[in-house]
Amino acid sequence: MRIRRDKRDRLAGAGLEAYPVQVPITTTISAVRTSYPELPIDHQTGALVGIAGRVIFQRNTGKLCFATLRAGDGSEIQAMVSLAGVGEAALDLWKDIVDIGDHIFIHGEVITSKRGELSVLADSWLMAAKALRPLPVVHKPLNEESRVRQRYVDLIVRPQARQVARTRVATVASIRKSLDARGYLEIETPMLQTMHGGATARPFVTTSNAFDLQLFLRIAPELFLKRAVVGGLERVYEINRNFRNEGADSTHSPEFAMLEFYEAYADYRVMATITRELIQAAARAVFDSEQVTHPDGSVHDLSGVWPEVSLYEAVSTALSFEVTPMTPHDKLRSYCDAAGISVEPTAVSGKLVEELFEHYVIESFDGRPTFVMDFPVDTSPLVRDHRTDIGKVEKWDLYINGNEQATGYSELVDPVIQRQRLTEQAALGARGDAEAMQLDEDFLRALEHGMPPTGGVGLGIDRLLMALTGLGIRETILFPLVKPER
RNA sequence: GGGUCGCUAGCUCAAUGGUAGAGCUGCGGACUUUUAAUCCGUAGGUUCGGGGUUCGAGCCCCCGGCGACCCA
């Protein structure tokens with residue numbers, strides 16, 4: 001650091017800037033590469049260019065210096081700085097000042113070296129931005145903690161880190177394209193909410209000084225997107241952050257990106273199909289295939305129609321005992337106890353069934369994306385009753401690689417039943433359940449104006465990236481939350 | 001919340017309880033065709049923090065911090 005500080009200062013002494021406002025580039029590294037795809041060895045083009053990039057390797061041989069410059073898009077080109085090309089003063093300055101990590105401007109002729117490497121033979125060079133800190137060894141991966149703490153360094157040295165960032169963009173772009181093609185509108189709903197709802201989760205709480213008002217960072221956009229459907233925006237979606245005041249692990253982040261989309265006159269089966277097609281289109285957009293390969297070499301087939309299992313049937317099969325919404329609470333609890341599942345004493349029957357499902361069934365999914373169909377009513381206050389099965393609701397969860405990837409509903413639009421359900425939730429909240437929903441009178445008022453039959457889906461963007469790339473959630477998020485050092 | 005593993009030089013990693021080391025990086029020097037250049041020389045440490053056991057602790061024990069993985 002100190003030595004590089006001196007170099008920065010020495011530049012000023014030589015009348016040069018360490019951080020000029022501009023350097024006179026005429027083209028980009030990738031443009032030069034594509035313009036001269038196959039030159040013969042030791043060839044001179046006569047073409048003069050001005051390019052800039054970060055020095056990632058240096059090889060100095062006395063009166064001829066080589067440096068590999070890399071641009072932000074990953075394209076690289078060799079710079080050659082020779083005594084004959086730039087003169088003694090500029091060459092000495094190069095050898096004295098330039099370090100790996102610096103951004104450098106090179107002006108000169110596009111040539112190939114005697115080894116055939118496409119190069120720019122400098123007639124002049126400038127510092128574009130001096131790096132004061134050394135880069136880590138480029139050939140070894142950073143440890144995982146440094147990767148997330150100093151993602152900027154990770155991005156510089158690890159091509160895959162840059163690739164993941166681009167994959168994320170491509171995935172989200174694909175989703176937008178798919179939904180836009182179906183006539184969906186992308187809208188933005190409040191992140192700061194006066195009531196928290198739309199999911200069962202503990203919220204972050206904050207305060208508006210101006211309004212002297214307690215506010216919640218949203219745990220879900222659901223109730224606002226439904227208001228939009230009531231208002232006649234009948235196909236809407238939002239891709240944005242949700243916040244949940246809970247722990248972080250390899251599949252959970254306190255802030256995470258979520259897609260929610262709602263379509264009037266659709267039901268949960270229609271939404272399941274759309275969801276599958278969205279994910280398959282994203283896989284094609286990113287990997288040009290519906291088979292995705294993870295870093296461990298495993299191949300995951302996302303193609304075709306995905307299997308469905310009934311929640312209650314799967315639990316019944318696993319227990320060799322028929323479980324239905326009518327199964328007594330005590331019976332379910334004894335099965336949970338027998339399986340060693342610890343459940344809150346206040347847990348409702350539906351919660352016990354879901355716990356049994358997660359304990360016995362999920363691991364049998366063997367990597368194939370699977371829809372789990374028809375959930376208990378008492379854990380799903382925003383979903384409409386099943387059209388034939390009493391005690392169930394029209395809800396599915398999509399699992400990919402054992403992770404909950406998405407959930408879809410036939411939405412509950414009956415304002416009377418919705419009021420009952422939310423009243424029950426508010427009672428749970430009053431009894432101390434920090435995850436219970438609040439009774440949102442304005443949302444109920446919206447439903448009372450008449451909401452068309454609607455299907456809705458929530459899909460975790462970070463989880464989707466995990467499913468496509470096989471990485472942990474903190475690798476899919478560019479700057480995940482990390483606890484402060486020390 | 002529980003368990004396992006990890007934290008040592010700028011980076012990646014070594015080191016039976018007995019003088020803290022290597023490679024790369026850095027610094028000085030040589031070299032006009034190198035590709036992680038090479039060669040010669042050289043510097044570099046609060047072993048995550050605190051406490052304990054011991055003649056002696058990077059290593060063993062306890063508490064704490066941060067991270068990864070597994071489980072709930």
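Numbered from 1 within each chain, the chains take letters A, B, ... in sequence-line order.
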Starting from [atom2] on [N], measure out to [atom1] on [X] and report it in whole angstrom.
| X | N | atom1 | atom2 | value |
| --- | --- | --- | --- | --- |
| A:Gln150 | B:G67 | CD | P | 14 Å |
| A:Glu76 | B:U35 | CD | P | 15 Å |
| A:Glu246 | B:A72 | CD | P | 18 Å |
| A:Lys95 | B:C31 | NZ | C1' | 8 Å |
| A:Glu475 | B:A68 | CD | C1' | 11 Å |
| A:Gln78 | B:U32 | CD | C1' | 13 Å |
| A:Ile473 | B:G67 | CD1 | C1' | 16 Å |
| A:Lys351 | B:A72 | NZ | P | 13 Å |

Kindly point out which of [options] is positioned nearest to the side chain of [X]?
| X | options | value |
| --- | --- | --- |
| A:Ile3 | B:G26, B:U12, B:U32 | B:G26 |
| A:Arg149 | B:C66, B:U35, B:A68 | B:C66 |
| A:Glu144 | B:A68, B:U35, B:U32 | B:A68 |
| A:Ile341 | B:C31, B:A72, B:C66 | B:A72 |
| A:Pro134 | B:G10, B:G67, B:A37 | B:G10 |
| A:Phe66 | B:U32, B:A72, B:U33 | B:U33 |
| A:Pro136 | B:C27, B:C11, B:C66 | B:C11 |
| A:Phe57 | B:A37, B:C11, B:U33 | B:A37 |
| A:Lys483 | B:A37, B:G67, B:G10 | B:G67 |
| A:Leu64 | B:U35, B:U33, B:A72 | B:U33 |

ask   = A:Leu83 or A:Asn60: which one's nearest nucleotide on RNA chain B is closer to the 5' end?
value = A:Leu83
query = Which sits closer to the 5' end of RNA chain B, A:Gly472 or A:Asp42, going by the nucleotide each is nearest to?
reply = A:Asp42
Could you give the distance separating [M] and [N] at their [atom1] atoms, to the nearest angstrom?
| N | M | atom1 | value |
| --- | --- | --- | --- |
| B:U47 | B:C60 | C1' | 16 Å |
| B:G18 | B:G56 | P | 14 Å |
| B:C24 | B:C55 | C1' | 39 Å |
| B:G64 | B:C70 | C1' | 23 Å |
| B:G28 | B:G44 | P | 16 Å |
| B:U25 | B:G6 | C1' | 24 Å |
| B:U16 | B:C48 | C1' | 25 Å |
| B:G23 | B:C40 | P | 11 Å |

Does any nucleotide pair with [N] by Watson-Crick or G-U wobble geometry, both distances under 3.5 Å, and what is it?
| N | value |
| --- | --- |
| B:A36 | none |
| B:G1 | B:C71 |
| B:U16 | none |
| B:U42 | B:G26 |
| B:U8 | none |
| B:G58 | none |
| B:G64 | B:C48 |

Residue-phosphate contact under 4.0 Å: [X] side-chain N/O, [N] OP1/OP2:
| X | N | value |
| --- | --- | --- |
| A:Arg474 | B:A68 | yes |
| A:Asn143 | B:A68 | no |
| A:Lys114 | B:U33 | no |
| A:Lys7 | B:C27 | yes |

request  = Taking ring-ring contact (aromatic ring centres under 6.0 Å, His included) as the test, write out the residues that go with A:His300, two or more places apart.
outcome  = A:His294
ask   = Looking only at heavy atoms, which two atoms of A:Leu471 and A:Gln160 are closest? And how far apart?
value = CD2-NE2, 4.1 Å
remark   = Nearest heavy-atom approach of A:Glu76 to A:Thr68 is OE1-CG2, 3.8 Å
message = Among A:Arg5, A:Lys130, A:Arg133, A:Arg8, which residue satisfies the salt bridge (charged side-chain N to carboxylate O under 4.0 Å, His left out) criterion with A:Asp99?
response = A:Lys130
Given A:Arg10, A:Lys7, A:Arg4, the one that forms salt bridge (charged side-chain N to carboxylate O under 4.0 Å, His left out) with A:Asp96 =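 Of A:Arg10, A:Lys7, A:Arg4, salt bridge (charged side-chain N to carboxylate O under 4.0 Å, His left out) with A:Asp96 is met by A:Arg10 alone.
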key: Main-chain N/O of A:Ala90 paired to A:Trp125 side chain as donor or acceptor, under 3.5 Å   =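 Pair found, side chain donor or acceptor close to backbone of A:Ala90.
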request  = For the pair A:Trp396 and A:Phe371, name the ring-plane relationship: parallel under 30°, tilted 30 to 60°, perpendicular over 60°.
outcome  = perpendicular
key: A:Thr251 and A:Asn403: CA distance, side-chain angles, deciding distance, side-chain hydrogen bond (donor to acceptor under 3.5 Å, both in side chains) verdict   = CA-CA 8 Å; A:Thr251 58; A:Asn403 286 328; 4.8 Å; no
